[in-house]
Protein chains: 2
Amino acid sequence: MKHTEKRNEILSAALELISEQGFHKAPMSMIADKAGVGAGTIYIYFENKDALINEIYLELEKKITSAIQEGYSASQPIKERFIHLWIGLLQYIIEHPLHFRYMEQYHNSPYGASLRRDRILGKTGNKSIFKDLFEEGITNHNVKDLPIIMLFALSFGPMVFLARDHTLGLIKLQDGHITQAAAACWEAIKNK
Amino acid sequence: MKHTEKRNEILSAALELISEQGFHKAPMSMIADKAGVGAGTIYIYFENKDALINEIYLELEKKITSAIQEGYSASQPIKERFIHLWIGLLQYIIEHPLHFRYMEQYHNSPYGASLRRDRILGKTGNKSIFKDLFEEGITNHNVKDLPIIMLFALSFGPMVFLARDHTLGLIKLQDGHITQAAAACWEAIKNK
DNA sequence: AATGGTAGAATGAACATTCATTCTATATTT
DNA sequence: AAATATAGAATGAATGTTCATTCTACCATT
């Protein structure tokens, strides 16, 4: 087995266990077993458990970012672009429940809190496609002139709730529901 | 110190530590210290750590439920009632950041996974002020005819995001922001 | 002195991490 | 080509730490 392959085995074993059981119920020994690898081997590929956890997060983020860009056309009206991105992201979440559960866990842990703080308060070239879209919308008076972070909350808060309910089986999201929810979020942020 | 007092000392020490550090970084010994009590004493008042954790959750739930009912006037128009409840709940969260952080932790843990928000939603016959309001709105065509759980997501998803950002110090919510957010949520669910 | 309640030390289980040893694949020599 | 040497990768038992929970000696009250 090649170096990269083994690394990926470890990453995906950890992703699966942590998503399903949480950080504390996913011991390194169990991750090693699931990856078909010795416990010590993990430490050849990752400095420690924290590093492994952060690495998984970064990889998921990369995948999600590239997934939602797909089919994005900068030439469309802003409303259509917003709805395209919103639906694309929710679609991704529904198709990758483990990824979503992992991100949730991460965000609700010290790991995620400090990362988020750095991202938002630090000024290190933190651009995102959504941020760009919101800024454009504010400039052109298509979107309410609110702090970006509030626009994020209005757009993604409902999405996360819906995704959670869906993965928990409390609701079976139909295409119609998704379209309606996207439109409702647009109505929440659009300028009247 | 009376029996009830000591019990409360333990509950509030645990609430504070767990809110700030998370379940696993809040050892029983530390809770005991903070409560000014021996470690073993906690086991006189609570069967084990799980029981303590669940008890805190139940007490918080009771407090929050009664707090949001305050000043609620069933005779007002539905929009005003919605905004009153929404702002009241966010206000409570802002004034009790520890309570909010605790609830968040709990929901994102094995403990809370089962309970979930059917409590607040009143899925199990348990009357809920929100559910009633949404149902009334749908009947009278003031609110979009969507599944209750979606209306819930649209209304409270943004609130949870805002509260999280606020308690993390990422945003300082002004009264104006809160009012605007409440109005935006109403716009998301109202019938056009 | 007997009772009831409490403190905090003792216990043992779970876990992350380390490290001495074994294995494997490639290079070097014959 | 076969035989041997070597680097570095992999292993998993051992270690030290952190906890939840239990146990015992002590204190206050009667």
Participant: Assess the residue pair A:Glu55 and A:Leu11 against the criterion (side-chain contact (heavy atoms from CB on, under 4.5 Å)); give the C-alpha distance rounded to whole Å, side-chain angles, the decisive distance to 0.1 Å, and a yes or no.
Facilitator: CA-CA 8 Å; A:Glu55 183 61 27; A:Leu11 282 170; 4.1 Å; yes
Participant: Could you tell me the separation between the CD1 atom of B:Ile31 and the C1' atom of D:dT21, rounded to a whole number of Å?
Facilitator: 13 Å
Participant: Under the 3.5 angstrom rule, does the side chain of B:His177 hit a backbone N or O of B:Leu173 as a donor-acceptor pair?
Facilitator: no
Participant: Scan nucleotides 27-30 of chain D against the protein and return all N/O pairs shorter than 3.5 Å with their distances rounded to 0.1 Å.
Facilitator:
none

Participant: Sub-3.5 Å donor-acceptor pair from the side chain of A:Arg116 to the main-chain atoms of A:His107, do we have one?
Facilitator: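 Looks like no, no N/O pair under 3.5 Å.
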Participant: For A:Phe46 and D:dA10, give me the distance from atom CZ to atom P, rounded to whole Å.
Facilitator: 12 Å
Participant: Take the protein atom CD1 of A:Ile42 and the nucleotide atom P of C:dC19, then report the distance between them rounded to whole Å.
Facilitator: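 About 17 Å, once rounded to whole Å.
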Participant: Specify the separation, in whole Å, of atom CD1 of B:Ile18 and atom C1' of D:dC19.
Facilitator: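 Answer to the nearest Å: 14 Å.
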Participant: Look only at the side chain of B:Lys49 and the backbone of B:Phe23, and say whether a donor-acceptor pair between them is shorter than 3.5 Å.
Facilitator: yes
Participant: Give the rounded distance in Å between these two atoms: CD of B:Gln21 and P of D:dT18.
Facilitator: 15 Å
Participant: Using a 4.0 Å cut-off on protein heavy atoms (strictly under), produce a 5'-to-3' string for nucleotides 11-18 of chain C with B for base contact, S for backbone-only sugar-phosphate contact, and - for none.
Facilitator: ----SSBB
Participant: Among the clusters formed by ILVMFWY side chains lying less than 4.5 Å apart, do B:Leu52 and B:Tyr43 turn up in the same one?
Facilitator: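 As far as the 4.5 Å side-chain criterion goes, B:Tyr43 and B:Leu52 are connected within one cluster.
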Participant: Looking at side-chain heavy atoms only, is the closest gap between A:Phe152 and B:Phe161 below 4.5 Å?
Facilitator: no
Participant: Verify, without hydrogens or angle tests, whether B:Tyr102 (side chain) and B:Ile53 (backbone) share a donor-acceptor contact under 3.5 angstrom.
Facilitator: yes
Participant: Does B:Lys6 place a side-chain N or O at less than 4.0 Å from the phosphate oxygens OP1/OP2 of C:dG5?
Facilitator: no
Participant: Can you tell me if B:Lys6 uses its side chain to pair, donor with acceptor, with the backbone of B:Ala35 under 3.5 Å?
Facilitator: no
